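Only a predicted model underlies this, so the values are computations on that prediction, with no experimental measurement involved. In what follows, chains carry the letters A, B, and so on, assigned in the order in which the sequence lines appear, proteins first and then strands, with residues in each chain numbered from 1.
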2 protein chains.
Amino acid sequence: MTISQYMTNSHKARNPKASPTKARRERESLERRDAILAAARNVFFENGIHRATVDDVAAHAEVAKGTVYLYFESKETLLAHLLLEGLDALGEQLAEAFAENHPFTAEQRLRRLASAYLDFFENEPDYFRLMMALDRGQFQEAISTELHQQIMTRSINGLGWVVRAIDQGVTDSDFAVADSKSAAGVFWAAINGALVLMSHPIRREMLQQSVESLYTGVMELMLKGMKK
Amino acid sequence: MTISQYMTNSHKARNPKASPTKARRERESLERRDAILAAARNVFFENGIHRATVDDVAAHAEVAKGTVYLYFESKETLLAHLLLEGLDALGEQLAEAFAENHPFTAEQRLRRLASAYLDFFENEPDYFRLMMALDRGQFQEAISTELHQQIMTRSINGLGWVVRAIDQGVTDSDFAVADSKSAAGVFWAAINGALVLMSHPIRREMLQQSVESLYTGVMELMLKGMKK
DNA sequence: CTCATAAGATGACTATTAGTCAGTATATGA
DNA sequence: TCATATACTGACTAATAGTCATCTTATGAG
């Protein structure tokens, strides 16, 4: 018996219920959970989160409604998990845009981050809508604090890239800002505000300009304002 | 008989149902409508628009539920009328801040407008929440296009003050912006984004700064960016 | 193979609430 | 006084989130 085999057995032995069956059961349980989440993604994104019903989600996942509630506490919890997916996707795109190992200037990095967010807005409108729709007290009260913490952590991590870019700008003496964290909040609030405002066709018509031009306008003013 | 008296009588005569009673009836109808709207204001603002029920509103207005629906098509229509109240209040404050007859500079005017919006955010949090909460497709689909038009008109009028301030800045050669309408959209999107972002206690904690400082940060950067 | 047990799944049921409408009450003026 | 019109009522329907007693299936001991 090799050491690794011994350790594996030891691991199994720790839990009296351990058996080849258990591993399969756990896998199947995760698969079912994923199937329900996938159904939720389709149903909520297709019909909008208010029109869509848990019965619909159950039907799409080919399980009874009760089963949905075995895997997720509530409709809001389901939505929260979709939100986490969206935040993860955005986080990855921001990390890629920051491009840690490339010798970009701080300004280039901020432009790339802003551009990545605009791409996300345009390519993943469902996730973006979800992020905005769930950014409300009503929703937050309906999910566990643990889940809420996870969402907040993901959000902070996303903003972290902006903080780092601004830090770089301060270090390189390109930017003049009092506090990089505040400045990151300002920058993000502004470009996010542009996207929220332009999410409505009527608003776009009203302002007679495209999402891109308003978004770029906000970004350029913010950059100009931060530069030395 | 003066001309005005003649015209008044002529107006009444146009409608064969005219009578002293009719005027009273109409007044009473408006009073009831106001009572229901007042009840809605209390109930929705007290409990939050999702938790509050139309039964609650009816109970507070001391009418049957059916009566509420005689005066307002739906829960959303009730909310839309509260929203109009809020937009009117904000519009008045912006007009006052603009101070047409005072010799303020464009920059002073923009600062005053932004300051008025911050005041509104802080003094009328219920109306502000309503404005943000109802800024969604789901809500817009549920009200008449006429009502929706009214809301949009109020919004445009509000932004109009910002456009005028920026126009002044361009005329006075203080600002360098390509298009004042776009620039107004940019400015408003940015400061509004700051308020939305900071509406959440968790977000404020995350960014470790006050609403005021982030808001001011956004405004100063936007002003700096617009200045020649 | 058989059967007791546990784990997992089910869907009928409850509770809540927006919106309806047949019936009732009140006011008007002929 | 009474027919009519107007205003109001609240029991009812429909939709839907969430529950839980019951059933089904898989497991492994004998």
Tell me: NE2 of B/H50 to P of D/dT16, nearest whole Å? 16 Å
Could you check whether atom NE2 of A/H148 has more than 12 heavy atoms from other residues, nucleotides or ligands sitting under 6.0 Å from it? yes
Once you apply a heavy-atom cut-off of 4.0 Å, does A/E73 come out as touching a base, just sugar-phosphate, or nothing? nothing
Take the protein atom CG of B/D55 and the nucleotide atom C1' of C/dA15, then report the distance between them rounded to whole Å. 13 Å
What is the distance from CD of B/E28 to P of C/dT26, rounded to the nearest Å? 14 Å
Check every strand shown and say whether B/S74 touches a base, only sugar-phosphate, or nothing at a heavy-atom separation below 4.0 Å. sugar-phosphate
Using a cut-off of less than 4.0 Å, is there contact between a side-chain N or O of B/R51 and OP1 or OP2 of C/dT17? no
Out of C/dG11, D/dG10, C/dG19, minimum distance to the side chain of A/A64 belongs to C/dG11
Can you tell me the distance, in whole Å, between the CD1 atom of B/I36 and the C1' atom of D/dT9? 13 Å
Could you check B/F128, B/Y215, B/Y127 and say which one makes a ring pair (Phe, Tyr, Trp, His ring centres under 6.0 Å) with B/F121? B/F128
Would you indicate what A/Y71 reaches in the nucleic acid, counting non-hydrogen atoms under 4.0 angstrom: base, sugar-phosphate, or nothing? sugar-phosphate
Regarding A/T216 and A/S213, do their side chains bring together a donor and an acceptor under 3.5 Å, going by distance alone? no
Does D/dG10 have OP1 or OP2 sitting under 4.0 Å from an N or O in the side chain of B/K65? no
Do side-chain atoms of A/R203 reach the backbone of A/M198 as a donor and acceptor pair under 3.5 angstrom? no
May I have the distance from B/E31 (atom CD) to D/dC8 (atom P), rounded to whole angstrom? 12 Å
Which nucleotide in the list C/dT10, D/dC8, D/dT9 gets nearest to the side chain of B/R32? D/dC8
Presence of A/T53 side-chain N/O under 4.0 Å of D/dT16 phosphate oxygens OP1/OP2: no
Interatomic distance where CD1 belongs to A/I143 and P belongs to D/dG18 [whole Å]: 13 Å
With a 4.0 Å cutoff (strictly under), does any side-chain N or O of A/Y69 reach OP1 or OP2 of C/dA9? no
Which part of the nucleic acid, if any, lies within contact of A/A52, taking any heavy atom under 4.0 Å across all strands shown: a base, the sugar-phosphate backbone alone, or nothing? sugar-phosphate
Parallel, tilted or perpendicular: which one describes the rings of A/F98 and A/W161, with boundaries at 30° and 60°? tilted
Map B/G66 and B/S29 onto DNA chain D by nearest heavy atom, then report which one ends up closer to the 5' terminus. B/S29
Using a cut-off of 4.0 Å on non-hydrogen atoms, how would the nucleic acid contact of A/A142 be classed: base, sugar-phosphate, or nothing? nothing
Return the value, rounded to whole Å, for the distance between atom CD of A/E62 and atom P of C/dT10. 10 Å
Could you state the CG-P distance from A/L79 to D/dA17, rounded to the nearest angstrom? 10 Å
